[in-house]
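Below is one structure, written out as structure tokens; the observations come after it.
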Amino acid sequence: MTGPQKYNNPSVLPAGTRAPEFSLQAAPDHTVKLNDFRRKPVVLVFYPTDSSPVCGDQVALYNEMLSEFDAGVQLFGISVDGIWCHAAFSQNRKLRFPLLADFEPKGAAARLYGVYRENDGTSERALFVIDPDGIIHWSYVSPVDVNPGAEGILSALEELQGKPEAK
């Protein structure tokens, strides 16, 4: 897939790689496993923290655009914040998609995807579109202070619609 120039991060998992499995908390009594969403496209939105200046605008954009994603697509926001921080952030922003806590062990999922920032203990601002077979179709890392928008996600999902159904 062609698209915006990728921010220079050689460790990020590229298209064509099997998406690593993870199990992260979405609420105190609810854990999300990536494998539970096989057979449908998944969008992973890694972002530094709920309190970073760009994150609020980024998640608000995706929240507003949920209707533009195919009904079969599952979107997840992921940061190193804990579930209670996510709960407050989600309620404040009236989010309609789950935020997953990559909290303990800190950054474990971000490390699997090659987007953990060791220098500050957060994740890169990274996007992954995973196909129904669990393969990364598209990945993009934006500079941490730049909102990557939704154009790349929408283009990648459009490409997936043209691919044969997963069996």
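Computed from heavy atoms alone, side chains included, the values below leave out hydrogens, waters and symmetry copies.
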Show your reasoning for whether side-chain contact (heavy atoms from CB on, under 4.5 Å) applies to Asn63 and Arg93.
CA-CA 9 Å; Asn63 200 49; Arg93 295 285 178 162; over 6 Å; no
From SG (Cys85) to CG (Leu99), nearest 0.5 Å:
9.5 Å
Checking Lys106 side chain against Gly121 main chain: does a donor-acceptor pair fall under 3.5 Å?
yes
Does one hydrophobic cluster hold both Ile83 and Leu75, with members joined at side-chain heavy-atom distances below 4.5 Å?
no
Would Leu127 and Gln58 satisfy side-chain contact (heavy atoms from CB on, under 4.5 Å), going step by step from the backbone distance to the final call?
CA-CA 11 Å; Leu127 305 171; Gln58 183 183 5; 3.9 Å; yes
For Ile135, does its backbone N or O pair with a side-chain atom of Asp133 as donor and acceptor, under 3.5 Å?
no
Would you say Leu66 and Tyr47 are hydrophobically clustered, going by side-chain heavy atoms of ILVMFWY under 4.5 Å?
yes
Distance from Cys55 atom SG to Phe89 atom CZ, nearest 0.5 Å?
6.5 Å
Using the ring of each side chain (for Trp, its six-membered ring), is Phe128 parallel, tilted or perpendicular to Phe46, with breaks at 30° and 60°?
perpendicular
Taking OH in Tyr62 as the centre, count heavy atoms belonging to other residues, nucleotides or ligands within less than 6.0 Å. Is the count above 12?
yes
Considering residues, nucleotides and ligands other than Gln91, do more than 12 of their heavy atoms fall under 6.0 Å from its CD?
no
May I ask you to test the Val59-Phe97 pair for a side-chain heavy-atom distance under 4.5 Å?
yes
Just by modelled atom types, is the Ala26 backbone N or O under 3.5 Å from a matching donor or acceptor in the His86 side chain?
no
For Leu61 and Gly149, work out which heavy atoms get closest and say how close.
CD2-CA, 3.7 Å
Positive for side chain to side chain contact (heavy atoms under 4.5 Å, CB included) with Ile136, one of Thr17, Val129, Asp131
Thr17
Do you reckon Val54 sits in the same ILVMFWY cluster as Tyr116, going by side-chain contacts under 4.5 Å, direct or chained?
no
Go through the steps for Phe22 and Ile78 under the test side-chain contact (heavy atoms from CB on, under 4.5 Å), then give the verdict.
CA-CA 11 Å; Phe22 60 74; Ile78 304 173; 4.1 Å; yes
Tightest non-hydrogen contact, residues Trp84 and Pro28, listed as CH2-CG, 3.2 Å
How close do Leu13 and Ser139 get, heavy atom to heavy atom, and via which atoms?
O-OG, 2.9 Å
Hey, does Arg125 have a side-chain heavy atom less than 4.5 Å from the side chain of Pro148?
yes
To the nearest 0.5 Å, what is the distance between CD on Glu118 and OG on Ser11?
10.0 Å
Short side-chain to backbone donor-acceptor contact, Gln25 and Ala101, under 3.5 Å
no
Where Leu157 and Pro41 come nearest, the two heavy atoms and their spacing
CD2-CB, 4.1 Å
Minimum heavy-atom separation for Leu34 to Ala19, with atom names?
CD2-CB, 4.0 Å
Nearest heavy-atom pair of Asp50 and Ser79: which atoms, and what distance?
OD1-OG, 3.8 Å
Same apolar cluster (I L V M F W Y, side chains within < 4.5 Å links), Val80/Val144:
no
Rounded to the nearest 0.5 Å, how far apart are OG of Ser123 and OH of Tyr113?
13.0 Å
Pick from Leu44, Leu24, Val45, Val43: which one makes a side chain to side chain contact (heavy atoms under 4.5 Å, CB included) with Phe76?
Leu44
NZ (Lys33) with more than 12 external heavy atoms under 6.0 Å:
no
Please step through side-chain contact (heavy atoms from CB on, under 4.5 Å) for the pair Leu154 and Met65, ending with a clear verdict.
CA-CA 10 Å; Leu154 293 171; Met65 297 188 70; 3.3 Å; yes
Distance in Å, Arg96 CZ paired with Glu64 CD, rounded so as to fall on 0.5 Å steps
8.5 Å
Verify same cluster id: Leu100, Leu112 (apolar side-chain graph, 4.5 Å)
yes
